[in-house]
Every structure is written in C-alpha cells, then in structure tokens.
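Lettering of chains follows the sequences in order, A, B, ..., and the numbering in each one begins at 1. None of these values were measured; they are calculated from a predicted model.
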Number of protein chains: 2
Amino acid sequence: MTALPNRDRRAERREATRQEILDAAWAIARRDGLTAVTLRGVGERVGMRAPSLYSHFPSKHAIYDAMFGRAWHDLIEALRALTPLPASPRRALLRAAEAFFDFAAADPARYQLMNQASIPDFRPSAEAYARSLEVYDLMRTELRALGVRSAADLDLWTGLLSGAVNQQLANDPGGTRWRRQLPRLVDMFADEVGLPTPRLRRAR
Amino acid sequence: MTALPNRDRRAERREATRQEILDAAWAIARRDGLTAVTLRGVGERVGMRAPSLYSHFPSKHAIYDAMFGRAWHDLIEALRALTPLPASPRRALLRAAEAFFDFAAADPARYQLMNQASIPDFRPSAEAYARSLEVYDLMRTELRALGVRSAADLDLWTGLLSGAVNQQLANDPGGTRWRRQLPRLVDMFADEVGLPTPRLRRAR
DNA sequence: GTCTATATTCTGATAGAC
DNA sequence: GTCTATCAGAATATAGAC
C-alpha cells in the first residue's frame, strides 16, 4: 500500500540531494572558478565526505556534465520565456539579444563552462551537448521567423552577440560598456540583412 | 681580455636555454592545452629534470608570464608590420582585422592565454600586462587616424573582432566561417561610424 | 547512503651533493 | 647549472565496515 508513496519519497529525497550537490558545485565555481570545484569542497558544503558523493554521481566529470546540461537548459528556458516577442523585428532582436547577454553576464563561470573548453579532459555527454544545439536551433528558428534565412547571416548574428558578451566579461565585468552597444548592433545587423526600418536608434 | 666576450657568450647561452624552455611549454600548450604544461613535461622536452628549470625561471607562473608577455609582444609586431596601411580606410580596417584574426586563429592556446583567465591563480605581471595595453593603444591610434574617435566606437570595433574570432575558434576551428565575414563586418562598422564609401562589398 | 581508510597519481617546489 | 632525493600537498577514486 505504502510501497509506491515511499518510493516516491525516496526518489524525491535523492533528487534533492543531487540538487544540493550541484548547487554547492555552482557556488564554488562562481566564487573561485570552475577548476576550483573539488569533491572535498563540494562535500564540505553539503555536509558529506568526498567519497559519499559517489553515491549520487559516478565521477566528478558527471557533476560537470550535469552542470553543463543544466546551464543550457536554463538558457533555453530564458529564451522561450521571451515569447511572444515584439512585432517589430528590430525590437524582437533587441529583446532576444539582451536576454542572452544578461544570462551570460549574470554568471561568467556558467558561461565559461558552456562555451569555453576550460576543464581538462571534460567533454559534455551527447545528451548535454544536444541541449546546446537546441539553443542554436532556437536562434535559427527565431531569426527565420524574422526573415533572416541564410546560414551566413546566422553566423553574423552569433558573432555579434558573442563578441559583445566576451568583451563585457573580459574587459568590463559587472559593467555595461558592451551591453550598451546592443541596440546599435541590432540596427547594424538589421540594416545588413535587410530587415525593415524604423531603426531603434537614429542613423548618423 | 676575454672576460667580457665570455660573459656575453654565457648570457647568450642562458637566454637560448630560456627560449628552449618557453618553446617546449608552447609546444605542450598547443598540443594538450595550457593547463597540461607541467614542469616535468617541459623538462623532458628540453632534456632536463624538472628542478633544473628553477635555474631559469623562479616558478611555473613565471613561465606562463613570459609566454603571456611574448604572445602580446608578437601581436604588437604583427600589427606594426601592417604599416603602411592602405589609403582606403575600409581596406585598412580589413587588413588589420584579418591580421588580428589570423594571429588568433593560428594558435588558439596562445589566444586563450592572452584573453581568457584560464589558469588558476595566474595573473600576468605588470610588465607583461602593459604589453596588452599597448595593443589596445595601437588599435585606438590606428582607428583615430581613420577618423574614429569615440570610446564607444572603439568598443564596438573590438567587440566585432573578438566575436568573429571567438566563434571561429569555438565552432569552426580550422575553418573560415567567421573569417569570411570580416569584409562584411568592416563595412557594417564603417557605415555605422561614418567612414567614407565605397564599400568593400556591394550594399544589398 | 555515509563513513573511514587508503590506493594511486600527480603537482610545484626545496635541499644539498657534485 | 644540473642532478637525485624528497617534501608536502592536493586530487579522484575504490574497498569495505556499518
């Protein structure tokens, strides 16, 4: 009778513990960098000895992998939460660009895990990697809806976005020097690929 | 009589050994990543035991620091070698952009050392860091000569460039997907900041 | 599922002989 | 200036008691 409820409880508890472990790993990564995440450190934060973590994750890389998948999942959610986008293509692009930018700037360690191969020997699993492709698909679909079709144009857009983010994180962390350029980038891109006016900013 | 010549010889030999050590470290970094550089590994390549390296560098970080400074120095040279630039501002920009791009793409590990804080606890010395500022100055001076004066415009330019490089290294290493966008980026930038036509590519 | 104890391996760095 | 020997510490991971 109580067999099923108990099993649910256990599964829930187990999942909660997994989550605590991941949260601890994120906290360390944010404070001291991705490579500062150690099993001892994580264990200490969750009130466990390091070896006990192996009851929940088969290896340290599995923890990174879960973090990687989670990060991309959260980005997907952040982008999906944008719909419905403004009817104006340029306003729609700006809204999406700002969402992406803010997601990246909110957690540089997360951005580093997602985009830069910064952990020796770590390769995301196929499942986790698929989530990053999903974001790419999402962007492509969105741009297509706005009338941007060619692969080169999509590359152009991702280049503009990642450039702004990278410069912000590298040269003005916590600031807004490149975030302020987003309306300009949107106009430049929209002009280049032939999206309708009016511009967000007045032309010079 | 021979005191001075001998001292020169020794200094030369010593400098040559230092260079061999750095070359070995670069080779390892290029093959297996920056963090794969170990004193034992470097020593093996130069035919020394690890402790002997301390006769030439006071610490492992000092090796990284020399590499960092050298990388920026080489970029400075690559950029200086561009003068005289084409008279056409847009062609001048394209030439500089391609030089920067190719420098980065030629050695991703070097680019990572220069731009991303990827080695735990490593901070470049003031001397080495000054070289990176020199590149920034060089770019500012060059843009100013072309008529680009505002700090925001300079930020825009560095964002466009670093975005193309980052996407190339992350998503199409060894390829040309983003390198091909450079003429387009130059035109977009030139249009935005009001540089004279004609465009490099025809407008759409 | 968590623990202690330990294996294994690697790291940067130092001491001191030669 | 290079060597051997070693330190001191960190890391991931495993074995097995409870």
Side-chain angles (χ1 to χ4, degrees), chain A residues 6-25 27-29 31-68 113 118-125, chain B residues 6-26 28-29 31-68 113 118-125:
Chain A
N6 275 349
R7 217 178 295 157
D8 283 358
R9 274 260 179 72
R10 279 190 200 151
E12 269 173 38
R13 191 78 189 93
R14 206 177 147 67
E15 183 51 36
T17 303
R18 255 180 79 98
Q19 206 39 247
E20 272 182 70
I21 290 169
L22 292 178
D23 289 344
I28 294 167
R31 220 189 32 150
D32 300 327
L34 277 175
T35 59
V37 175
T38 64
L39 297 181
R40 281 171 170 73
V42 172
E44 194 176 353
R45 276 191 175 247
V46 299
M48 272 185 196
R49 301 294 180 173
S52 306
L53 299 173
Y54 284 89
S55 298
H56 302 276
F57 290 93
S59 72
K60 186 191 177 184
H61 275 15
I63 294 180
Y64 279 130
D65 196 60
M67 294 167 78
F68 180 94
L113 175 61
S118 58
I119 296 159
D121 302 326
F122 169 66
R123 295 266 149 215
S125 63
Chain B
N6 276 347
R7 217 179 294 157
D8 283 358
R9 274 259 180 72
R10 279 191 200 146
E12 268 172 40
R13 189 78 189 95
R14 204 177 149 68
E15 183 51 35
T17 303
R18 254 180 79 99
Q19 206 40 247
E20 271 183 70
I21 290 169
L22 292 178
D23 288 345
W26 278 118
I28 294 167
R31 219 187 34 149
D32 300 326
L34 277 175
T35 59
V37 175
T38 65
L39 296 181
R40 281 166 176 79
V42 171
E44 195 176 354
R45 276 190 175 248
V46 299
M48 271 185 197
R49 302 294 181 172
S52 305
L53 299 173
Y54 284 89
S55 296
H56 302 275
F57 291 93
S59 72
K60 186 190 179 187
H61 275 15
I63 295 180
Y64 279 130
D65 196 60
M67 295 167 77
F68 180 94
L113 175 62
S118 56
I119 296 160
D121 302 326
F122 170 66
R123 296 267 147 213
S125 64

Can you work out whether R40(A) or M48(A) has the more 5'-proximal nearest nucleotide on DNA chain C? M48(A)
Enter the distance from S59(A):OG to Y54(A):OH here, rounded to the nearest 0.5 Å. 7.0 Å
Report the end-to-end axis angle of the helix from dG1(C)-dC18(D) to dC18(C)-dG1(D); each axis comes from five terminal pairs, and the value is rounded to 10°. 10°
Kindly compute the distance separating OG1 (T17(B)) from CE (M48(B)), expressed to the nearest 0.5 Å. 5.5 Å
Considering all heavy atoms of both residues, which atom of H61(A) and which atom of P120(A) are nearest to each other, and what is their separation? NE2-O, 3.8 Å
Comparing G47(B) with K60(A), nearest DNA chain D nucleotide closer to 5' gives the residue G47(B)
With a 4.0 Å cut-off (strictly under) to non-hydrogen atoms of chain A, the first and last hit nts on DNA chain C, 5' to 3', are dG1(C) to dA5(C)
Any donor-acceptor N/O pair, D65(A) side chain to S125(A) backbone, under 3.5 Å: yes
Check the orientation of F122(A) and Y64(A). Use parallel for under 30°, tilted for 30 to 60°, and perpendicular for over 60°. tilted
Taking every heavy atom of A24(A) against every heavy atom of V46(A), the minimum-distance pair comes out as CB-CG1, 3.8 Å
Hey, which of these two, A36(A) or P51(A), hits DNA chain D nearer its 5' end, going by closest nucleotide? A36(A)
Nearest non-hydrogen partners of T35(B) and S118(B), listed with the distance: CG2-O, 4.0 Å
When you compare the side chain of I63(B) with that of L39(B), does any pair of heavy atoms fall below 4.5 Å? yes
